[in-house]
Chemist: 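Structure incoming, see below.
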Amino acid sequence: MRFKTDRLNMRQIIERYILFLIGLFIASLGVAFSTKAGLGTSPVASVPYSVSLFSHIFTFGGWLNVWSVMQILVQIILLRKKCNIVEIVIQTVLAFAYGYLTNFSCYLISGIHVNTYLMQFACLIFSCFVLGFGIWIQFKGNVAMLPGEAMNRAVSYVTGKKYENVKIFFDILYIALSVLISVIFVGELKGVREGSIIAAVLIGNIIKMYNRIWEKVTAA
């Protein structure tokens, strides 16, 4: 009887990881559409995207991978002996998967042409709904955190500050860094624009909307 329970648990874990990876892919599509809009990306992706505009050593997805590795290293330095090695390995695998999925998503929509500001704005709003849906599915998977969010959690744990406040601080820091990178190396604001602010406001509310819809569907 115990053997069946273990098998069931393992199956549930596999199903959750599959769900998480589906959410990861959908989220990568959302990021790809936000870059296609050209009105600024989400705070977490803004720094690697800004760097990818002037440095072609790596693709956007490649710079996402580099950024994720830096965030993982910060966790290891902060947590030291309390660092969960298994979780770090899982984060690393998922982070690289996210980077490659983002590249693949950018390739999938490369044939879409956005020529007017109205089309840019529509593409941005669409990207918010797609990204929000991907994040919502990842929450439903409930198996892992990407390095950016896990780093925020580690900083919150070490400093005793609330997670939400730590996230707000780093989101602002990422935007400030992206502005500096864009102005100094690109000569104009590209990684961060009005779209970054719109995304920051909309995505959380969109996720709440998906939750309300899910609750109504499951309660019916």
Chemist: Kindly indicate, with the supporting measurements, whether the criterion side chain to side chain contact (heavy atoms under 4.5 Å, CB included) is fulfilled by Asn65 and Phe58.
Modeler: CA-CA 9 Å; Asn65 291 340; Phe58 302 113; over 6 Å; no
Chemist: For Phe121, is the CZ atom crowded, meaning more than 12 foreign heavy atoms sit under 6.0 Å from it?
Modeler: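 Atom CZ in Phe121 is not packed in, count stays at 12 or less.
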Chemist: Check whether more than 12 heavy atoms from other residues, nucleotides or ligands sit under 6.0 Å from atom OH of Tyr107, and answer yes or no.
Modeler: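 Atom OH in Tyr107 is not crowded, with 12 or fewer foreign heavy atoms closer than 6.0 Å.
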Chemist: With a 4.5 Å limit on heavy-atom distance, are the side chains of Asp171 and Lys167 in contact?
Modeler: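 They are in side-chain contact.
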Chemist: Any side-chain to backbone donor/acceptor pair from Asn103 onto Gly61? Under 3.5 Å, distance only.
Modeler: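 Yes; judged by distance alone, with no hydrogens or angles, the pair exists.
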Chemist: Could you report the tightest heavy-atom contact between Tyr174 and Ser46, atom names first, then the distance?
Modeler: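 Heavy-atom minimum between the residues: O-OG, 3.6 Å.
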Chemist: Where is the tightest heavy-atom contact between Glu149 and Val44, given as atom of each residue plus distance?
Modeler: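 So the two residues come closest at OE2-CG2, 4.5 Å.
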Chemist: Applying side-chain hydrogen bond (donor to acceptor under 3.5 Å, both in side chains), can you list everything that pairs with Glu15, at least two apart in sequence or on another chain?
Modeler: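 Result, side-chain hydrogen bond (donor to acceptor under 3.5 Å, both in side chains) vs Glu15: none returned.
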Chemist: Say whether Ile88 and Met70 are linked into one hydrophobic cluster, either directly or through other cluster members, by side-chain heavy-atom distances under 4.5 angstrom.
Modeler: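 No, because Ile88 and Met70 fall into different hydrophobic clusters, even though each may have its own neighbours under 4.5 Å.
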Chemist: Nearest 0.5 Å please: distance from the CD1 atom of Ile197 over to the CD1 atom of Ile175.
Modeler: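 Reported to 0.5 Å precision, the distance equals 7.0 Å.
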Chemist: Might you point out which heavy atoms bring Lys161 and Val166 nearest each other, and give the distance in Å?
Modeler: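 The pair with the smallest heavy-atom distance is CB-CG2, 3.9 Å.
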Chemist: List the atom of Ser105, the atom of Phe25, and the distance in Å for their closest heavy-atom pair.
Modeler: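 Minimum heavy-atom separation between Ser105 and Phe25: OG-CE1, 3.7 Å.
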Chemist: Quick one: CD1 on Ile198 to CD1 on Ile203, what's the gap to the nearest 0.5 Å?
Modeler: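 It comes to 11.0 Å.
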Chemist: I need the Gln120 CD to Tyr117 OH distance, nearest 0.5 Å.
Modeler: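 So the gap between those two atoms works out to 7.5 Å.
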Chemist: Keeping the roles fixed (side chain from Ser178, backbone from Val192), state whether a donor-acceptor pair exists under 3.5 Å.
Modeler: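 No; zero donor-acceptor contacts below 3.5 Å.
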Chemist: Report yes if the side chains of Ile125 and Leu202 come closer than 4.5 Å at any heavy-atom pair, otherwise no.
Modeler: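 In short, these two side chains touch, coming nearer than 4.5 Å.
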Chemist: Is the side chain of Ser156 donor-acceptor paired with the backbone N or O of Asn152 at a distance under 3.5 Å, no angle test?
Modeler: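 No.
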Chemist: Under 4.5 Å between side-chain heavy atoms, hopping through other hydrophobics if needed: is there a path connecting Ile181 to Ile57?
Modeler: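 Yes, because Ile181 and Ile57 connect within a single hydrophobic cluster, where side-chain heavy atoms sit under 4.5 Å apart.
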Chemist: Could you check whether the rings of Phe96 and Tyr100 sit parallel, tilted or perpendicular, using 30° and 60° as the cut-offs?
Modeler: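 Aromatic pair Phe96/Tyr100 classed tilted.
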Chemist: If the test is side chain to side chain contact (heavy atoms under 4.5 Å, CB included), which one of Met145, Gln71, Gln75 qualifies with Gln91?
Modeler: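 Output: one option passes, namely Gln75.
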Chemist: Less than 3.5 Å apart, any donor N or O on the side chain of Ser127 or Ser34 sitting next to an acceptor on the other?
Modeler: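 There is no such pair (donor and acceptor under 3.5 Å, judged by atom type) between the side chains of Ser127 and Ser34.
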Chemist: With a 4.5 Å limit on heavy-atom distance, are the side chains of Tyr98 and Thr102 in contact?
Modeler: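 They are in contact (side-chain heavy atoms under 4.5 Å apart), so the answer is yes.
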Chemist: I need the minimum non-hydrogen distance between Cys106 and Thr35, along with the two atoms involved.
Modeler: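 For Cys106 and Thr35, the tightest heavy-atom pair comes out as SG-OG1, 4.2 Å.
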Chemist: Tell me if a side-chain donor or acceptor on Thr218 pairs with a main-chain N or O of Glu215 at a distance below 3.5 Å.
Modeler: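 At least one qualifying donor-acceptor pair exists.
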Chemist: Is there side-chain contact between Phe20 and Lys140, with heavy atoms separated by less than 4.5 Å?
Modeler: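 In short, these two side chains do not touch, never coming nearer than 4.5 Å.
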Chemist: The criterion is side-chain contact (heavy atoms from CB on, under 4.5 Å); which residues satisfy it with Arg212, sequence neighbours excluded?
Modeler: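 Per chain and number, Arg212 pairs via side-chain contact (heavy atoms from CB on, under 4.5 Å) with Lys208, Met209.
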Chemist: Check whether any side-chain heavy atom of Leu24 sits under 4.5 Å from a side-chain heavy atom of Gln138, and report yes or no.
Modeler: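 They are in side-chain contact.
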Chemist: Counting C-beta onward and ignoring hydrogens, is there a side-chain heavy-atom pair between Ser55 and Trp63 closer than 4.5 Å?
Modeler: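 Ser55 vs Trp63: side chains touch.
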Chemist: If you round to the nearest 0.5 Å, how far is CG of Leu21 from OG of Ser28?
Modeler: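 So the gap between those two atoms works out to 11.0 Å.
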Chemist: So which residues get pulled into Ile168's cluster when ILVMFWY side chains under 4.5 Å apart are joined, directly or through others?
Modeler: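 Ile172, listed by chain and number.
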Chemist: Decide if atom CZ of Phe129 counts as having more than 12 heavy atoms of other residues, nucleotides or ligands within a radius under 6.0 Å.
Modeler: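 Atom CZ in Phe129 is not crowded, with 12 or fewer foreign heavy atoms closer than 6.0 Å.
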Chemist: Under the side chain to side chain contact (heavy atoms under 4.5 Å, CB included) test against Val74, which residue among Leu78, Ile77, Ile76, Ile72 passes?
Modeler: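 Of Leu78, Ile77, Ile76, Ile72, side chain to side chain contact (heavy atoms under 4.5 Å, CB included) with Val74 is met by Leu78 alone.
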Chemist: Roughly how far, to the nearest 0.5 Å, is CZ of Phe185 from CZ of Phe54?
Modeler: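 So the gap between those two atoms works out to 5.0 Å.
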Chemist: What's the spacing between Asn205 CG and Tyr210 OH if we round to 0.5 Å?
Modeler: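 Atom-to-atom, Asn205:CG and Tyr210:OH are 12.5 Å apart.
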Chemist: Verify side chain to side chain contact (heavy atoms under 4.5 Å, CB included) between Ile90 and Tyr17, making sure each step is shown before the conclusion.
Modeler: CA-CA 11 Å; Ile90 292 171; Tyr17 269 101; 3.4 Å; yes
Chemist: According to a 4.5 Å side-chain heavy-atom criterion applied to Ile, Leu, Val, Met, Phe, Trp and Tyr, with indirect links allowed, do Ile213 and Phe133 form part of one hydrophobic cluster?
Modeler: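 The answer is yes; both residues are in one hydrophobic cluster.
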Chemist: Could you check if a side-chain atom of Ile26 sits within less than 4.5 angstrom of a side-chain atom of Ile135, using non-hydrogen atoms only?
Modeler: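 No, their side chains stay 4.5 Å or more apart.
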Chemist: On a heavy-atom basis, which atom in Ala199 and which in Cys128 lie closest, and how many Å separate them?
Modeler: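 Scanning both residues, the minimum pair turns out to be CA-SG, 3.8 Å.
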Chemist: Shared ILVMFWY cluster between Leu108 and Val130, side chains joined below 4.5 angstrom?
Modeler: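 Yes, Leu108 and Val130 fall within the same hydrophobic cluster.
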Chemist: Step by step, would you call Lys82 with Glu87 a salt bridge (charged side-chain N to carboxylate O under 4.0 Å, His left out)?
Modeler: CA-CA 11 Å; Lys82 293 182 179 179; Glu87 186 178 354; over 6 Å; no
Chemist: Please step through side chain to side chain contact (heavy atoms under 4.5 Å, CB included) for the pair Phe60 and Val31, ending with a clear verdict.
Modeler: CA-CA 11 Å; Phe60 173 36; Val31 172; 3.6 Å; yes
Chemist: Applying a strict under-4.5 Å side-chain criterion to I, L, V, M, F, W and Y, I'd like to know whether Val86 and Tyr157 cluster together.
Modeler: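 Looking at the clustering, Tyr157 is in the same group as Val86.
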Chemist: Evaluate the side chain to side chain contact (heavy atoms under 4.5 Å, CB included) criterion for residues Val155 and Phe170: first the C-alpha distance (whole Å), next the side-chain angles of each, then the deciding distance (0.1 Å), finally the verdict.
Modeler: CA-CA 10 Å; Val155 173; Phe170 277 104; 4.0 Å; yes
